[in-house]
Amino acid sequence: MKRKKVIIDCDPGIDDSLAIMLALSSEELEVVGITIVAGNAPVQMGYENARKVLQFLGRLDIPVLIGADRPLKRPFVNALDTHGPDGLGDSQLPLVPSDAFSQQPISAREFFEKVLPCGSVSIIALGPMTNLAVLAKQSPEVFGQIDEIVSMGGAFRSHGNCSPVAEYNYWCDPDAAAIVYEEMDRRSKKIHMVGLDVTRKIVLTPDLLAYMKRLNPETGSFIEKITKFYFDFHWEWEHLIGCVINDPLAVAYFVNRDLCRGFDSYVQIETEGIAMGQSIVDKMHFYRHSSNAVVLTEVDTFSFFRLFLTRVLRLSEEPDLLGQILRC
Ligand code: BDR
Ligand code: CA
């Protein structure tokens, strides 16, 4: 099988960590590197968290590169209230000593410049798009060599999670998101927008977590450790028993496009005012502009969890129990 090369650009982050776990257990993917952006956690903390996850997976061979430490223009607002004081659910996992890494100390941008010209490399963007916007502005030819961008971000019909209309990744750095949509548009390439319309349907429940621990006690317990804070946050803010795990859906969709459905549209990101960070989806074609995005609106939740459990937890049988747990 020819594996697809991807860079995961992320801000770990609890659900980013689950996404990394899914990507590294998906044999269709060759994860060439993980670039870190300031988002859920300050960039250094995100870097340490990525290393903690790689340590758990025994994959310290994957390069982790530090990127932007703040949004392009706006003051940086992290999401440690959602992801815990350590950005990883207050799991207090030990730092990975730096001598466990043999990689060269290059920046995320230098890494993009080194890897993207090799061709056929896609980006799965799971955080604010600052790293990508910086690349688009400073190395436009290299940016133009990105094969595809699948972005966890935005919302179409769903309400936001940072304002009535804005999702965190686009709200945190709206200028960056706007640039990336514009620059892809200029190159007639479509961003796959895996927004809140679909990710809100990916809820990790206590039953699913219990099932994960039965299937694979070590990995299930690791997931329990990093998601406990997230469960508490969702109860306090949304009265939801469980937690929405956004980012792994972007990875799953990259692997299997049949998991989500949607439509092509022109999307513009608002950078100012009360709608700052909103993804304005011109479904009715008012602007008469060609589409620059695939906006996903439907998701097969059962198939997502089957994929996640099969790969990350090594579920090996046809999961009748999963259907019961998900009540479908
Ligand atoms: C997005 O924001 C972050 O909190 C999550 O990691 C996800 O990427 C959801 O709005
Ligand atoms: Ca994220």
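Atoms within each ligand, like the ligands themselves, are counted from 1 in listed order.
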Please tabulate, one line per pair, the protein nitrogen or oxygen atoms found under 3.5 angstrom from a nitrogen or oxygen of ligand 1, with distances to 0.1 Å, or say none if there are no such pairs.
from, atom 1, to, atom 2, distance (Å)
ligand 1, 4 (O), Asn40, OD1, 2.8
ligand 1, 4 (O), His83, NE2, 3.0
ligand 1, 6 (O), Asp15, OD1, 2.5
ligand 1, 6 (O), Asp15, OD2, 3.3
ligand 1, 6 (O), Asp16, OD1, 3.1
ligand 1, 6 (O), Asn40, ND2, 2.9
ligand 1, 6 (O), Asp247, OD2, 3.1
ligand 1, 8 (O), Leu126, O, 2.9
ligand 1, 8 (O), Asn169, ND2, 3.0
ligand 1, 8 (O), Asp247, OD1, 2.7
ligand 1, 8 (O), Asp247, OD2, 3.1
ligand 1, 10 (O), Asn161, ND2, 2.8
ligand 1, 10 (O), Glu167, OE2, 2.5

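Here the Ca ion (ligand 2) has protein N, O or S atoms under 3.0 Å from it, and they come to 5.
In this structure a side-chain-to-backbone donor-acceptor pair under 3.5 Å is present from Asp16 to Asp11. In this structure, Asp282 contributes its side chain and Tyr287 its backbone to a donor-acceptor pair below 3.5 Å.
Salt-bridge formation is not detected for the pair Lys73/Glu272: no Lys NZ or Arg NE/NH1/NH2 atom is positioned less than 4.0 Å from an Asp or Glu carboxylate oxygen.
No more than 12 heavy atoms of other residues, nucleotides or ligands lie within 6.0 Å of CZ in Arg70, so this atom counts as exposed by the packing criterion. The number of heavy atoms from other shown groups lying within 6.0 Å of CZ (Arg187) is above 12. By the neighbour-count criterion of 12 heavy atoms within 6.0 Å, atom NZ of Lys4 is densely surrounded, having more than that number from other residues, nucleotides or ligands.
The salt bridge (charged side-chain N to carboxylate O under 4.0 Å, His left out) test applied to Arg257 returns Glu148, not counting sequence neighbours.
Contact between Leu126 and Cys10 at its shortest, heavy atoms only, is CB-CB, 3.9 Å.
Applying the side-chain hydrogen bond (donor to acceptor under 3.5 Å, both in side chains) definition to pairs two or more places apart or across chains, those involving residues 164-176 are Thr130-Asp173, Ser151-Tyr170, Tyr170-Tyr181.
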